[in-house]
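So the structure is just underneath, and the comments pick up after that.
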2 protein chains.
Amino acid sequence: MTTIHDVARVAGVSISTVSYALSGKRSVSASTRQRIQDAVRELDYRPNAGARMLAGRRTYILAVTEPLRADTYAPAHMAFVLAVTRAARRHDYDVLLLTQDEASGGLQRVTSSRLVDAIVVLDVLTHDERADIVRALDIPAVLVGVPADTSGLVCVDLDFAQVARMAVDRLVEAGHTTVGLLGHQSSAYDGGSNFPPRLRDAFLAHAAERGVVGRFAMPERDPGQVGSAVDELLGPDADLTGLVMHCEEPLQVRALAALRARGLRVPQDVSVISAASTFDTSMFTPPLDSIPLVADESCELAVELALAQLDGTVRPTVELLPPHYLDLGSVADWSA
Amino acid sequence: MTTIHDVARVAGVSISTVSYALSGKRSVSASTRQRIQDAVRELDYRPNAGARMLAGRRTYILAVTEPLRADTYAPAHMAFVLAVTRAARRHDYDVLLLTQDEASGGLQRVTSSRLVDAIVVLDVLTHDERADIVRALDIPAVLVGVPADTSGLVCVDLDFAQVARMAVDRLVEAGHTTVGLLGHQSSAYDGGSNFPPRLRDAFLAHAAERGVVGRFAMPERDPGQVGSAVDELLGPDADLTGLVMHCEEPLQVRALAALRARGLRVPQDVSVISAASTFDTSMFTPPLDSIPLVADESCELAVELALAQLDGTVRPTVELLPPHYLDLGSVADWSA
DNA sequence: AATTTTTATCGAAGCGCTTCGACGGTTTTG
DNA sequence: CAAAACCGTCGAAGCGCTTCGATAAAAATT
């Protein structure tokens, strides 16, 4: 193993000079720095992680807690884990993965053993024990998602309410007067996740504000019941012309099939918007307008806020990212 | 922060005695051990990770590399990451996640900085650069999956060939004489993954050995073409009576729908076996016999082999785990 | 020219742990 | 019963790094 001593010897300087040259925390003359960098390259030197953790005040490791429960939609969650990992690497951090079984114990463990510098909490539930844990833990933490009680927490999330308003506005401005929201399976609304209700409530409220009829339906027990949820939205007179979907990919596929099966064309008969989707709606038939849930953006911000807490203090905050509308032609203009 | 010094002081012993009491590497009298454990509990002492890494010869961290490419089926891969993480925790190890972008560089980095004790490589391709990297790296590593060249490597995997044989045997013994295998999308066979061809080849070979007609088909470009693949398997005379499916969940669902659409009942008209499935086939309608791909089992073994390399030397090996047949009644006995 | 300030470097003190060698005190053994 | 073996404990030496003075030399200020 090559150590900082080897580098110092080869460069003909003391180890502290090597350390300063590499960290940049004190000035080092250009020529010396050059010799040190040459030595580093020649020896393929990489600082020992353990030593750096012990001596310095940083471990350069971030804990990511993602429960990965059985009922979660893996692709979306995976995307967030990935996005955090990439964001972390951009800041020279590695990611330690904490899962379900380790939710509370793991957070305690990695915190008190000083294994990680900060924690990123993914897949946050409305009432999430991990929120209480990080609150108590005195370690920089950022939640991606918004729990019921955000006091003392730093949270980052897409502005789901704004997504709903944006979708409603788009449809209203295109002349639609009856709009519906197809939601997740009902279990998503009573148990846990915080964002489905946020989007739903804003949808219905904003439809009312804009003076149009707003409906909401969800597949009751299993995805097979998308059909009846679609029927419910269409209404007895089949007068729905604007459909917003906030659910997982397979459900959206089936909902489109259900429309097709009922002889309804998109966008001629029904305009459709995919809201807060984590997948690519341009591959759908037809491609759907969407207001995507971009994991990269929120995770980058989450990592930044987590690391920012290590030096300058970041005060508790809830950062809601503004959504962006992606127009792919699945909304027909009826206003003319 | 509470350190080993605090524990030593409270227990009234030296720090080395504390260390030995906790590691068990030298004998400590029962009474002393008790006092030390009491102190540990009272102070909620957790050894500093960095110090342990530096002083000891272990970091208690395992690197897991899982590319998570865009084309991968997230749930299955997620399951493996999870399974490794859980297995690691059982051995008191944490897991550091390395993704796509970091495949080679990341492995180098965590190895030469002594951040991890060993590496578990997931989602191994037939020709996988990571195989070459770990071969060169002089760090304990285990691949979950079997690359083309296994020299010098420790590999763990389900015995996919045996899965195929088991499925064929089951159908043959139930009296079926024409059996088909519905594979993954064609891209899975030419590019990368190593196991689809292994299963396919063994399927066809073993069908021939057992003297039955063996067919193979896959959805050509996209999942929508499952229907034609099913038709291809059924054959012009629709004489297929045994179907083995080795593909992802949505594909299997659609294939069953395709059978239904053609008026074929399971198992009365066609017997079906789900091979190497990572999902629960008991929730299907009808529930399908399966020979599951159990992530837990292979990942536990992978972690064990990885850690075993840290002391006693494990010689290079390819461990193929025997499959197990799960009977849920989707194979009809035609032999009577 | 004498002083202060800045710059570049070094030595040494830890960070919290593991582990080696040593040392009394007990047991066992010949 | 002396010698050898073992047991339980301790002190101290690192592990490889960061960081805090200190110091000598160079630059800037009087």
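Below, chains carry the letters A, B, ... as their sequence lines are ordered, and counting in each starts from 1. Scope of the values below: all heavy atoms of this structure, side chains included, with no hydrogens, waters or symmetry mates.
For the helix from C/dA1-D/dT30 to C/dG30-D/dC1, the axis fitted to the five pairs at one end and the axis fitted to the five pairs at the other end meet at an angle of 30° (nearest 10 degrees).
Taking only side-chain nitrogens and oxygens, B/Ser14 comes nearer than 4.0 Å to OP1 or OP2 of D/dC10. Side-chain nitrogen and oxygen atoms of B/Lys25 include none within less than 4.0 Å of the OP1 or OP2 phosphate oxygen of C/dT18. In this model, the phosphate group of D/dG8 is not approached by any side-chain N or O of B/Ser29 to a distance below 4.0 Å at OP1 or OP2. Listed pair A/Tyr45 / D/dC17 meets the phosphate criterion, a side-chain N or O lying under 4.0 Å from OP1 or OP2.
Along DNA chain C, the nucleotide closest to B/Ala51 and the one closest to A/Ile15 are compared, and the more 5′ of them pairs with A/Ile15. The 5' end of DNA chain D is approached more closely, in terms of each residue's nearest nucleotide, by B/Thr32 than by the other of A/Arg57 and B/Thr32. Taking for each of A/Ser23 and B/Gly12 the nucleotide of DNA chain D with the nearest heavy atom, the 5'-most of the two is the partner of B/Gly12.
At the heavy-atom level, B/Ser19 lies under 4.0 Å from base atoms of the strands shown. Using a 4.0 Å heavy-atom cutoff across all strands shown, B/Met53 reaches no nucleic acid atom at all. Among the heavy atoms of the strands lying under 4.0 Å from A/Thr3 are primed sugar atoms or P, OP1, OP2 only; no base atom is included.
Between the P atom of D/dC15 and the CG atom of A/Asp6 lies a distance of 12 Å, rounded to the nearest Å. We find that CG of B/Asn48 is positioned 17 Å from P of C/dG14, with the value rounded to whole Å. Rounded to an integer number of Å, the gap from B/His5 NE2 to C/dC15 P is 8 Å. Rounded to whole Å, atom P of C/dG16 lies 16 Å from atom CZ of B/Arg46. Rounded to whole angstrom, the span from the CG atom of B/Leu54 across to the P atom of C/dG16 amounts to 12 Å. Regarding B/Arg52, its CZ atom lies at a distance of 15 Å from the C1' atom of C/dT19, rounded to whole Å. Rounded to whole angstrom, the span from the CZ atom of A/Arg58 across to the C1' atom of D/dC17 amounts to 16 Å. The distance between atom CZ of B/Arg33 and atom C1' of D/dC7, rounded to the nearest whole Å, is 13 Å.
Between the side chain of B/Tyr20 and the base of C/dC17 there is no donor-acceptor pair of N/O atoms closer than 3.5 Å. A donor and an acceptor atom sit less than 3.5 Å apart, one in the side chain of A/Ser16 and one in the base of C/dG11. Between the base of C/dT7 and the side chain of A/Arg26 there is no donor-acceptor pair shorter than 3.5 Å.
Put simply, the side chain of A/Asp38 never gets that close to the backbone of A/Arg35: no donor and acceptor are under 3.5 Å apart. Although no hydrogens or angles enter the test, the distance criterion places a donor-acceptor pair under 3.5 Å between the side chain of A/Asp117 and the main chain of A/Tyr60. Panel note: side chain A/Thr111, backbone A/Leu107; a donor-acceptor pair is recorded below 3.5 Å.
For B/Leu96, the side chain to side chain contact (heavy atoms under 4.5 Å, CB included) partners are A/Ile61, A/Asp94, A/Leu96, B/Ile61, B/Leu98, B/Val110, B/Leu115, B/Val116, not counting sequence neighbours.
B/Ser112 and A/Arg46 share a donor-acceptor pair across their side chains, judged by distance under 3.5 Å alone. At a cut-off of 3.5 Å, with distance as the only test, no side-chain donor of B/Arg33 or B/Tyr20 sits close to an acceptor on the other residue. Side-chain contact, B/Thr65 with B/Arg130: a donor N or O sits under 3.5 Å from an acceptor N or O. A donor-acceptor pair shorter than 3.5 Å cannot be found between the side chains of B/Ser16 and B/Ser19.
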Trace of the side-chain contact (heavy atoms from CB on, under 4.5 Å) decision for B/Arg52 with B/Thr59: CA-CA 7 Å; B/Arg52 220 158 57 137; B/Thr59 68; over 6 Å; no
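Using a 30° and 60° split on the angle between ring planes, A/Phe195 and A/Phe160 fall in the parallel class, below 30°.
The OG atom of B/Ser298 sits 6.0 Å away from the CG atom of B/Leu321 when rounded to the nearest 0.5 Å.
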Extract from the structure each pairing of a protein N or O with an N or O of nucleotides 26-28 of chain D at less than 3.5 Å, listing the distance.
none

